[in-house]
2 protein chains.
Amino acid sequence: MAITGKADPGRVIGFLPLYRQVKERLVRRIADGEWQAGRAIPSEMQIAAELGVSQGTVRKALDEMTAERLLIRRQGVGTFVASHDEDRILFQFFKLGRDDGRRVFPDSSVLSVGEQPSDATEAARLGIRRGTRVVRIHRLRSLGGAIAVSERIVVPSARFAGLAACDPVPNNLYGLYAERYGVTVARASESLKAVACPPDDAAHLGLAPGSPVLAIDRLALDLDGQKVEWRVSLCRTDQFHYTSDLK
Amino acid sequence: MAITGKADPGRVIGFLPLYRQVKERLVRRIADGEWQAGRAIPSEMQIAAELGVSQGTVRKALDEMTAERLLIRRQGVGTFVASHDEDRILFQFFKLGRDDGRRVFPDSSVLSVGEQPSDATEAARLGIRRGTRVVRIHRLRSLGGAIAVSERIVVPSARFAGLAACDPVPNNLYGLYAERYGVTVARASESLKAVACPPDDAAHLGLAPGSPVLAIDRLALDLDGQKVEWRVSLCRTDQFHYTSDLK
DNA sequence: TAGTGGTCTAGACCACGAA
DNA sequence: TCGTGGTCTAGACCACTAT
């Protein structure tokens, strides 16, 4: 047993409850690719025996990881590492929907892909040095056949070798990041503004230049909180809307 | 003891785990005003003894209620009913912030308050019959001195008797709903669009008519999921932005 | 039927805050 | 010092799924 069992009274600084120590170890197994997306992890009893803690302690760690959508539990079957399948993307990472309420997965058509040195803005957003190479993707996304979004994506080349040469670039990028590069997008932070649509995007979206569009600026983070991807999406909101639940 | 102890095997339909039954009872005590906002509730042991269940079962109910922000736990002190103080509003219900990152509580200046029969749109959004009387409030909100939002609020008069005569209308409306009317806003659903600003709102916001503004359409629900309030906020986003965390 | 996660209990000890 | 919530354990039984 490598984890200190009961909290030793001498340690005051850096104390972590046992179940948090267990959780950190298990998260690391996902981050390191030891446990892969979509696969079952060992049973609670097996993990408890391996780490020398009680089942209840393992359960509390798994409960938190489930709440953070890192795991999916299926009664009678087992516990699985969450994958970026379309359902998860749709409910966790794609907030734009049709006004008629139908939720559909967006289609994509790629306009350009390339690898270049990062400019100052990209470097600042991604926390890298200016000039560090990045992959840039520009694509249109449609909902139910109607073009809705003009989207520009930037990722550091270092973590995504060969992405620029990928043909075709898949629709579900987060799934690709996980499967091909072992990078798990765990959460993202979005900043929204209403802006006047620039002429070239307006042409792609079928709008008059200057029309109001919703600009979504998103920074995606991995399991360690490292910045993985920056994307800016310009969205038509005449037939679509962005949903945000406050709770 | 009124709660059925162990799950009786005969019941298949409508089965609820014991801790969920406990939770429903405790939520009801808040909804009924038996436990008031900001006040301490009995200790876990007291609740467990009263309901004839173990402390662990009560704890699981309280854990869920804490996760839903209905309760606030303070180690060594007790468990308290969450109140709509400025901190909670700021983090849970107010997503607009300054671009410089400073988070401040918005000021309000009321333009008009009145009670009238509801129109078709209001009735549909609030789930009431058209013509049922509602209170309408129109106010401007500013962040750090700069006017940022033109906001129109509609609530059914039935649940908020005398609200239209309230002078002044307080800045923190959800706090008023709770204290004066016993109505707890538990969660809200927002729908966002970028729109061209109408002339009268543009004048209030200091914008040219037709400028892009963020339109936030919010429906607020109480503890029972009943529709409490509908509000539409038109927001300048030249110096401000709406934050949405996906996780 | 076997194995998984889900629920419930009981009791121990710890950390924290107030008096 | 006392009472609170926080952590950890151990064991029992239930519900669900696959075989």
Side-chain angles (χ1 to χ4, degrees), chain A residues 1-26 35 39-67 69-82, chain B residues 1-26 35 39-67 69-82:
Chain A
M1 169 176 89
I3 293 185
T4 305
K6 310 237 176 172
D8 47 335
R11 282 213 309 159
V12 178
I13 288 295
F15 167 76
L16 259 193
L18 188 50
Y19 75 90
R20 290 260 187 200
Q21 299 177 39
V22 171
K23 181 185 170 189
E24 287 194 353
R25 285 187 153 226
L26 304 185
W35 287 350
R39 308 285 287 275
I41 70 173
S43 73
E44 296 178 346
M45 288 304 288
Q46 284 176 291
I47 296 173
E50 181 196 341
L51 299 181
V53 301
S54 77
Q55 185 193 16
T57 299
V58 172
R59 172 155 299 187
K60 190 148 185 177
L62 297 184
D63 281 347
E64 286 203 353
M65 292 172 70
T66 301
R69 309 200 206 214
L70 302 182
L71 298 176
I72 294 174
R73 317 186 78 150
R74 293 171 58 197
Q75 184 174 143
V77 184
T79 302
F80 300 79
V81 180
Chain B
M1 168 175 88
I3 294 184
T4 305
K6 309 238 175 171
D8 48 336
R11 281 213 310 159
V12 177
I13 288 296
F15 166 77
L16 260 191
L18 190 49
Y19 76 91
R20 291 259 187 199
Q21 298 177 41
V22 171
K23 180 184 171 190
E24 287 194 353
R25 287 186 149 226
L26 304 185
W35 287 349
R39 309 284 287 273
I41 70 174
S43 73
E44 296 177 347
M45 286 305 287
Q46 284 176 290
I47 297 173
E50 182 197 340
L51 299 182
V53 302
S54 77
Q55 186 195 14
T57 300
V58 172
R59 172 156 299 185
K60 188 147 185 179
L62 297 184
D63 281 347
E64 286 202 354
M65 293 172 70
T66 301
R69 309 202 205 214
L70 301 181
L71 298 177
I72 294 174
R73 318 186 79 150
R74 293 172 57 198
Q75 182 173 146
V77 184
T79 302
F80 300 79
V81 179

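Every chain is numbered from 1, with letters handed out A, B, ... down the list of sequences.
OP1 and OP2 of C:dC8 both lie 4.0 Å or more from every side-chain N or O belonging to B:Ser54. For the pair A:Lys60 and D:dT7, the criterion of a side-chain N or O lying under 4.0 Å from OP1 or OP2 is met. Within the structure, a side-chain polar atom (N or O) of B:Arg73 is placed less than 4.0 Å from OP1 or OP2 of D:dG6.
Between the CD atom of B:Glu64 and the C1' atom of C:dC8 there is a distance of 15 Å, given to the nearest Å. Between A:Leu62 atom CG and C:dG6 atom P the separation is 9 Å, expressed in whole Å. If you measure from atom CD1 of B:Ile41 to atom P of D:dT4, you get 12 Å, rounded to the nearest angstrom. Between the P atom of D:dC8 and the NZ atom of A:Lys23 lies a distance of 13 Å, rounded to the nearest Å. A straight line from CD of A:Glu44 to C1' of D:dC8 spans 15 Å, rounded to a whole angstrom. If you take CG of B:Asp63 and C1' of C:dC8, they are 14 Å apart, rounded to a whole angstrom. The distance between atom CG of B:Leu18 and atom P of D:dC14, rounded to the nearest whole Å, is 14 Å. D:dG5 atom P lies 11 Å from atom CG of B:Leu71, rounded to whole Å.
Of the candidates D:dG5, D:dT9, C:dT9, D:dT9 carries the atom nearest the A:Thr57 side chain, counting heavy atoms from C-beta on. Among the nucleotides C:dT4, D:dT7, D:dT4, the one closest to any side-chain atom of A:Tyr19 is D:dT7. Listed nucleotides: D:dT9, D:dG5, C:dG5. Nearest to the side chain of A:Val53: D:dT9.
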Test log, rule side-chain contact (heavy atoms from CB on, under 4.5 Å), inputs B:Tyr19 and B:Val53: CA-CA 9 Å; B:Tyr19 76 91; B:Val53 302; over 6 Å; no
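Rounding to the nearest 0.5 Å gives a distance of 10.5 Å between OG1 of B:Thr57 and CD of B:Gln21.
Under the side chain to side chain contact (heavy atoms under 4.5 Å, CB included) criterion, B:Gln75 pairs with no residue at all, not counting sequence neighbours. Taking A:Thr79 as the reference, A:Ile41, A:Leu71, A:Arg73 meet the side chain to side chain contact (heavy atoms under 4.5 Å, CB included) condition, with sequence neighbours excluded. For B:Ala48, the side chain to side chain contact (heavy atoms under 4.5 Å, CB included) criterion is met by B:Val58, not counting sequence neighbours. Judged as a side chain to side chain contact (heavy atoms under 4.5 Å, CB included), and not counting sequence neighbours, the contacts of A:Arg20 are A:Leu16, A:Pro17, A:Lys23, A:Glu64. Taking the side-chain hydrogen bond (donor to acceptor under 3.5 Å, both in side chains) definition, one finds that B:Ser43 meets it with B:Gln46, sequence neighbours left out.
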Pairs under 3.5 angstrom, nitrogen or oxygen only, protein versus nucleotides 16-19 of chain C, please.
{"from": "C:dC16", "atom 1": "O4'", "to": "B:Gln75", "atom 2": "OE1", "distance (Å)": "3.1"}

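Side chain B:Arg59 to base D:dG6: a donor-acceptor pair is found below 3.5 Å.
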